[in-house]
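Report on one structure; see the data block that follows.
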Amino acid sequence: MSLPQSTTMPPKAANKPRPMNVFARWRPLTDAEAPAGELERTATPSPPSQLLSVSVAQPGPADGKETAGKRWKSAAAFSAVLESGDDNASSYAAVVEPAIPLVLDGGSCSFFAYGHSGSGKTHSIVGYDFDDDSKQLGLCLAASRKLFATLHELNARGVQEGKDEAGELGIGFSLFELRHKSAFDLLNRRAECHIREGPDGKTHIRGQTETLPGGKVRVQPIVQRACWDFASLRQELVEALKLRATGSSSVHEQSSRTHAVLELEVVNRALLEARRAVVERQSELVPVGKRATDVYLEETTKSIIVKPGGGYEKNPDYEIDQARVDAAEADKAEHEARVAEAEQAVVDIIASSEFACLGGKTIFVDLAGAEYHTDSVSGSVASGAPKQSPKERQEGRQINTDLLALKEVMRAWSRSQPRIPFRSSPLTMVLREHFAGAGRGGSSSGSGSSSSSMIVTVSPARGQYVATLNSLKYANLVGAATA
């Protein structure tokens with residue numbers, strides 16, 4: 001068998017920026033899996049592309065007396081293959097570190113961990129060892145540590161130049177999970193939020209509606225918590241992750257049954273204050289807008305009457321008070337202008353900052369593990385696939401629907417197609433802003449200001465061949481479609 005023990009990269013591909021990169025990461029065998037041995041697998045360069053092809057063979061009998069079965073080989077789809085001997089530090093160097101300069105230039109990067117339950121997705125994205133010096137620090141925390149190191153240098157320069165405290169740079173992070181068609185805010189006691197598309201064409205995640213004094217109505221956006229050093233962000237993140245929903249699956253006792261989305265954004269106090277002003281202005285607009293609608297409906301209703309034979313006709317005894325309607329609409333327009341002014345202030349703060357990194361984002365998505373594997377020809381449960389309960393099968397179908405939608409969005413986005421199917425699932429809706437290429441100031445500047453990477457975590461265990469092969473096939477579709 002060919003079992004390389006270190007990262008495999010094609011020539012000159014280690015730091016080559018691409019809109020979409022796909023990585024395979026093999027986890028180590030567990031003690032229980034070790035006696036049966038590992039799958040036969042290889043990773044080979046595929047000239048002239050600077051990508052790798054991955055192949056894996058169907059396992060033969062565990063006694064080793066017969067050779068392995070049919071071999072499957074991917075297209076040239078992988079930017080690198082991380083072997084079981086590679087720790088999280090090696091994964092960070094290969095996957096995340098090349099994208100950090102884009103974030104520091106105000107761009108947006110996203111990293112997706114895909115794979116079946118127990119393959120190491122959460123270990124890769126979050127990690128289980130939170131020691132600052134650990135080589136097993138998850139990719140999101142390793143990226144945070146690197147970003148803070150740069151931000152502290154910029155802040156020190158600002159202090160020397162006598163800059164105002166409002167310009168101090170930090171990292172604002174939000175953390176939520178998606179299950180079915182709802183989002184759950186892990187920074188707000190797992191409060192359920194709704195995913196909606198606004199009149200501006202953007203996707204908004206909104207929490208509960210609050211009624212404030214003076215008739216104001218505020219719909220809280222998802223919580224973004226600002227941290228000014230790595231230690232506080234790490235502590236806040238670890239506490240929030242305790243609220244993440246897990247469940248027992250056929251292969252893993254603590255399987256993630258939701259998609260977890262962690263967004264890190266470079267912020268300063270001026271930007272945070274400007275965004276709070278937007279929420280306040282929006283809360284003022286809600287009752288004013290409602291009143292304008294009520295006045296219009298009231299005046300319109302009074303101006304018509306029901307005809308004896310059915311239908312409606314103009315009421316000869318009432319003339320619409322157009323001045324009243326116009327006054328209500330003018331008040332609404334004034335408040336809408338105030339909201340627009342507040343939103344523009346946010347854009348101006350980012351665009352005018354001397355630090356290009358302000359507004360830069362990186363998104364980490366720990367995708368739910370799906371265990372619903374069927375034979376592609378017969379549709380029956382594939383040989384070797386774990387048995388599932390009806391609930392697991394239902395969850396698996398929903399998860400696979402989300403993953404299919406994500407693949408199609410990645411395909412359309414990487415090819416700059418005019419229509420990208422964001423509405424296909426809640427997962428792709430909440431990632432719309434990233435794939436739309438929002439750069440500095442919130443303007444859309446195409447895929448040049450954003451990049452994405454998918455880390456496909458796979459198991460080398462012979463008994464998980466079906467799940468591993470399905471994961472590699474999905475990665476192959478994403479990588480080949482975006483190459």
Side-chain angles (χ1 to χ4, degrees), residues 172 174 176 181-183 185 188 191-224 269-352 359 422-423 426 429-430 432-433 436 438 441-444:
S174 59
F176 60 92
K181 296 184 178 181
S182 295
D185 190 349
N188 188 22
E192 184 174 4
C193 301
H194 304 287
I195 301 168
R196 299 286 186 268
E197 183 177 342
D200 55 3
K202 295 182 179 180
T203 301
H204 302 273
I205 304 176
R206 301 300 192 194
Q208 298 298 317
T209 300
E210 298 178 79
T211 303
L212 306 175
K216 297 180 183 179
V217 178
R218 179 170 60 199
V219 181
Q220 278 286 7
I222 196 162
V223 172
Q224 184 187 60
R269 288 181 171 82
L271 178 60
L272 296 174
E273 184 60 35
R275 285 179 175 163
R276 281 193 288 268
V278 171
V279 175
E280 181 65 23
R281 296 283 176 86
Q282 289 173 337
S283 71
E284 295 171 352
L285 170 62
V286 171
V288 173
K290 182 179 183 303
R291 181 176 180 277
T293 301
D294 291 345
V295 167
Y296 171 80
L297 292 176
E298 181 182 335
E299 290 295 325
T300 302
T301 301
K302 290 179 180 179
S303 68
I304 59 175
I305 57 175
V306 180
K307 295 192 295 185
Y312 298 90
E313 63 182 2
K314 184 176 180 180
N315 183 357
D317 298 325
Y318 188 82
E319 190 72 27
I320 290 180
D321 188 347
Q322 192 61 46
R324 182 179 178 230
V325 173
D326 292 344
E329 287 294 333
D331 195 17
K332 175 185 174 183
E334 180 182 345
H335 281 77
E336 287 177 334
R338 296 183 66 195
V339 171
E341 181 183 8
E343 292 174 337
Q344 185 60 43
V346 172
V347 174
D348 292 342
I349 287 173
I350 296 176
S352 63
F422 292 115
R423 296 179 182 174
M429 284 183 67
V430 301
R432 178 197 295 263
E433 181 180 349
S443 61
S444 177

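- Atom CG of residue Asp348 and atom CD of residue Glu343 lie 12.0 Å apart, to the nearest 0.5 angstrom.
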Do any side-chain atoms of residues 278-288 form donor-acceptor pairs under 3.5 angstrom with protein atoms, and if so which ones, sequence neighbours left out?
| residue | atom | partner | partner atom | Å |
| --- | --- | --- | --- | --- |
| Glu280 | OE2 | Lys216 | NZ | 2.8 |
| Arg281 | NH1 | Arg338 | O | 3.0 |
| Ser283 | OG | Glu280 | O | 2.6 |
| Glu284 | OE1 | Arg338 | NH1 | 3.2 |

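- Note that the OH atom of Tyr296 and the OG1 atom of Thr301 stand 9.5 Å from one another [nearest 0.5 Å].
- In terms of the side chain to side chain contact (heavy atoms under 4.5 Å, CB included) criterion, residue partners of His194 (sequence neighbours excluded) are, by chain and number, Arg196.
- In terms of heavy atoms, Met429 sits closest to Ile195 at CE-CG2, 4.2 Å.
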Using the side chain to side chain contact (heavy atoms under 4.5 Å, CB included) rule, take Val325 and Gln322 through it: C-alpha gap first, then chi angles, then the decisive distance, then the call.
-> CA-CA 5 Å; Val325 173; Gln322 192 61 46; 4.0 Å; yes
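- Asn315 meets the side-chain hydrogen bond (donor to acceptor under 3.5 Å, both in side chains) test with no other residue; sequence neighbours excluded.
- By the neighbour-count criterion of 12 heavy atoms within 6.0 Å, atom CZ of Arg324 is densely surrounded, having more than that number from other residues, nucleotides or ligands.
- Of the listed residues (Lys202, Arg206, Arg432), just one forms a salt bridge (charged side-chain N to carboxylate O under 4.0 Å, His left out) with Glu197, and that residue is Arg432.
- Crowding of Arg276 atom CZ: a count of heavy atoms from other residues, nucleotides or ligands under 6.0 Å exceeding 12.
- The minimum heavy-atom distance between Ser174 and Gln224, with the atom names listed, is CB-CA, 4.5 Å.
- Under the side chain to side chain contact (heavy atoms under 4.5 Å, CB included) criterion, Glu334 pairs with Asp331, sequence neighbours left out.
- Here the closest non-hydrogen pair linking Phe176 and Ala183 is CD1-CB, 4.1 Å.
- How far CG of Asn188 is from CD of Gln220: 8.0 Å, rounded to the nearest 0.5 Å.
- For the residue pair Ile349 and Ala270, the shortest heavy atom distance occurs at CD1-O, 3.6 Å.
- Pairs passing the salt bridge (Lys or Arg N to Asp or Glu O under 4.0 Å) check and including a residue from residues 306-322, sequence neighbours excluded, do not occur.
- Taking CD1 from Ile205 and SG from Cys193, the interatomic distance works out to 7.0 Å, rounded to the nearest 0.5 Å.
- The two atoms that bring Val306 and Tyr312 nearest to each other are CG2-CE2, 3.7 Å, heavy atoms only.
- Legend: residues meeting side-chain hydrogen bond (donor to acceptor under 3.5 Å, both in side chains) with Lys181, ordered by chain and number and at least two apart, are absent.
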